[in-house]
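Worksheet: one structure, shown below.
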Number of protein chains: 2
Amino acid sequence: MTVSRFVERLGEFVPLCAREQAALGRLEERQRVVRRGATLVREHDVSTELCILQSGMMMSFVILADGSRQILRFLFPGDLISLPSLVYTTAPETVAALSDSVVCPFDRAMLAQLAMRQPRLFLAMVALDQAERVMLTDRLAGLGRTSAKARVASVLLHVRDRLRRFDGTVGDSFVPGLTQEEIGDATGLTAVHVNRMLRQLEEEQLIARESGRVTLLDERKLIRAANYVDRLSAIDLSWLPPAA
Amino acid sequence: MTVSRFVERLGEFVPLCAREQAALGRLEERQRVVRRGATLVREHDVSTELCILQSGMMMSFVILADGSRQILRFLFPGDLISLPSLVYTTAPETVAALSDSVVCPFDRAMLAQLAMRQPRLFLAMVALDQAERVMLTDRLAGLGRTSAKARVASVLLHVRDRLRRFDGTVGDSFVPGLTQEEIGDATGLTAVHVNRMLRQLEEEQLIARESGRVTLLDERKLIRAANYVDRLSAIDLSWLPPAA
DNA sequence: CGCCGGTTTGAAGGGCCTCAATCGGCGTGG
DNA sequence: CCACGCCGATTGAGGCCCTTCAAACCGGCG
């Protein structure tokens with residue numbers, strides 16, 4: 001058994017006792033490879049399984065009636081996938097791999113068991129999930145009320161922060177691993193316009209680009225232009241009851 | 001003590017034993033009135049309290065750097081307010097009353113206690129919260145990929161469904177209780193354009209209006225035009241472990 | 001009666017889209 | 001080894017959806 005990504009993730013914010021770490025480890029006993037471009041769950045398909053992303057990068061999205069796609073979320077190692085299957089037997093969103101990935105699937109009954117036996121741990125997981133919810137509302141506000149340039153900048157900052165959290169060596173320069181069409185589907189724009197916004201960010205000396213690699217030249221200004229907030233760095237789980 | 005709205009709400013989807021109902025009741029022991037227009041929590045303010053909305057209608061929103069507002073969510077009786085305060089000591093969004101409302105505030109420590117002592121109940125609450133998350137992603141997709149007309153229609157359908165769920169007598173005709181500016185701030189549009197979209201929906205015989213009251217004339221077509229899904233009617237909590 | 005918040009309507013402008021063509025990198029098959 | 005095909009990036013021209021600005025209208029309430 002490899003390292004539990006979820007223990008890593010949660011452990012950043014709250015100390016976990018051995019018993020709790022073991023419980024989380026049981027969620028990651030099975031492994032499944034998802035190749036770049038392949039889909040893990042398809043919208044409307046029946047699915048009562050959850051997953052933890054072990055390695056790679058994925059996304060969840062929906063396809064609308066007119067065929068357009070809206071990317072809901074980018075997924076990184078340690079992220080919990082398809083939590084909505086706790087309430088719906090049919091998946092509300094498609095999950096697909098942006099790069100070769102490994103996921104650890106487990107049944108929702110296992111999560112129920114964990115909630116019953118390790119309530120403190122479950123509480124911590126729920127709390128952390130609220131951070132995801134807030135990031136979702138950040139993006140909602142971005143789509144509703146900010147310019148195309150701001151939305152594109154926001155995606156760059158978000159992906160950089162998530163990559164860095166998993167791999168500390170990532171600095172101002174990184175490879176997003178997204179096509180301009182994917183950035184567009186995440187920001188509600190066309191690939192064409194994403195391209196123009198990237199060029200504009202480049203002309204304003206906010207970023208530099210070379211063959212897929214992006215460098216943030218003036219992070220301060222970029223954050224301001226994007227209306228960006230790093231929600232992961234403000235998390236506080238210190239109020240949790242102490243481990244048993 | 002009045003009826004627990006939260007028991008009503010959760011009880012729609014899963015049977016609750018007496019012990020569980022009592023535990024929920026304890027969350028609603030204190031009451032606080034919030035007048036129409038008043039704000040319960042302000043963004044960036046320190047707040048470790050949660051609330052359950054007893055009666056009335058509220059909204060949560062953020063104000064962006066340029067002063068524009070994005071409404072994140074409309075709140076109805078039985079809804080859990082400011083769950084994000086489980087992870088953040090400072091509120092990520094403002095909560096204000098759209099009509100005279102009553103809320104029941106309780107500390108997050110009480111929720112932690114409930115999670116520890118009534119894990120099944122807490123699991124049910126978390127599952128139900130996932131439905132909120134999915135509604136949020138529906139709105140995200142709406143903002144990113146649907147027309148102004150669809151977004152406005154979607155708000156009307158959403159509010160009608162929520163009102164009806166609380167008051168069964170609500171039919172195709174109802175009073176949204178929202179200004180056109182509020183609808184605009186929820187859909188990422190200007191009040192002016194919301195007005196034009198309402199007129200257009202009226203001209204197409206999809207809705208009728210008279211002094212604040214809206215009547216849905218062709219719900220089928222409206223749902224299709226709005227890309228709307230009623231996420232509350234598809235909820236399935238039957239897999240929950242049985243009550244103790 | 002006169003204010004005030006909300007609604008309604010018009011005209012003009014801009015941000016982003018659509019359509020379309022070119023270009024570059026890379027894997028594949030000849 | 002090279003030609004081809006394909007996907008993604010890039011760039012241009014034109015158009016539409018929604019915004020901005022402005023003014024008139026309406027109902028309610030002091």
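Below, chains carry the letters A, B, ... as their sequence lines are ordered, and counting in each starts from 1.
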(message) Over all strands shown, is B:Ser211 touching base, sugar-phosphate only, or nothing at heavy-atom distances under 4.0 angstrom?
(response) nothing
(request) Give a yes-or-no answer on whether the side chains of A:Ser47 and A:Asp45 include a donor-acceptor pair shorter than 3.5 Å. (result) no
(message) Is it the case that the side chains of B:Ser85 and B:Arg108 hold a donor-acceptor pair, with the cut-off being a distance below 3.5 Å and no angle test?
(response) no
(request) Side-chain contact test, heavy atoms from C-beta onward, threshold under 4.5 Å: evaluate it for A:Tyr88 versus B:Arg231 and give yes or no. (result) yes
(message) Using a 4.0 Å heavy-atom cut-off, does A:Gly188 contact any base of the nucleic acid, only the sugar-phosphate backbone, or nothing at all?
(response) sugar-phosphate
(message) Checking A:Asp138 against A:Tyr228: is there a side-chain donor and acceptor pair closer than 3.5 Å?
(response) no
(request) Would you indicate, yes or no, if C:dT8 has its OP1 or OP2 atom less than 4.0 angstrom from a side-chain nitrogen or oxygen of B:Arg199? (result) no
(message) So, does B:Thr190 get its side chain near the phosphate of D:dC18, meaning an N or O under 4.0 Å from OP1 or OP2?
(response) no
(request) Please report, rounded to the nearest Å, how far the P atom of D:dC7 is from the CD1 atom of A:Ile183. (result) 19 Å
(message) Within a 6.0 Å radius of atom CZ on A:Arg42, are there more than 12 heavy atoms belonging to other residues, nucleotides or ligands?
(response) no
(request) Grab the CD-C1' distance between B:Glu181 and C:dT7 for me, whole Å please. (result) 12 Å
(message) With the threshold set at under 4.0 Å for non-hydrogen atoms, list the residues of residues 64-75 of chain A touching DNA chain D in residue-number order.
(response) none
(request) Taking all heavy atoms of A:Ala91 and all of A:Val41, pick out the closest pair and write down the distance. (result) CB-CG1, 3.6 Å
(message) For A:Ala191 and A:Arg145, find the nucleotide of DNA chain D closest to each by heavy atoms; which residue's nucleotide sits nearer the 5' end?
(response) A:Ala191
(message) I want to check one thing: is the phosphate of C:dT18, taken as OP1 and OP2, less than 4.0 Å away from some side-chain N or O of A:Arg196?
(response) no
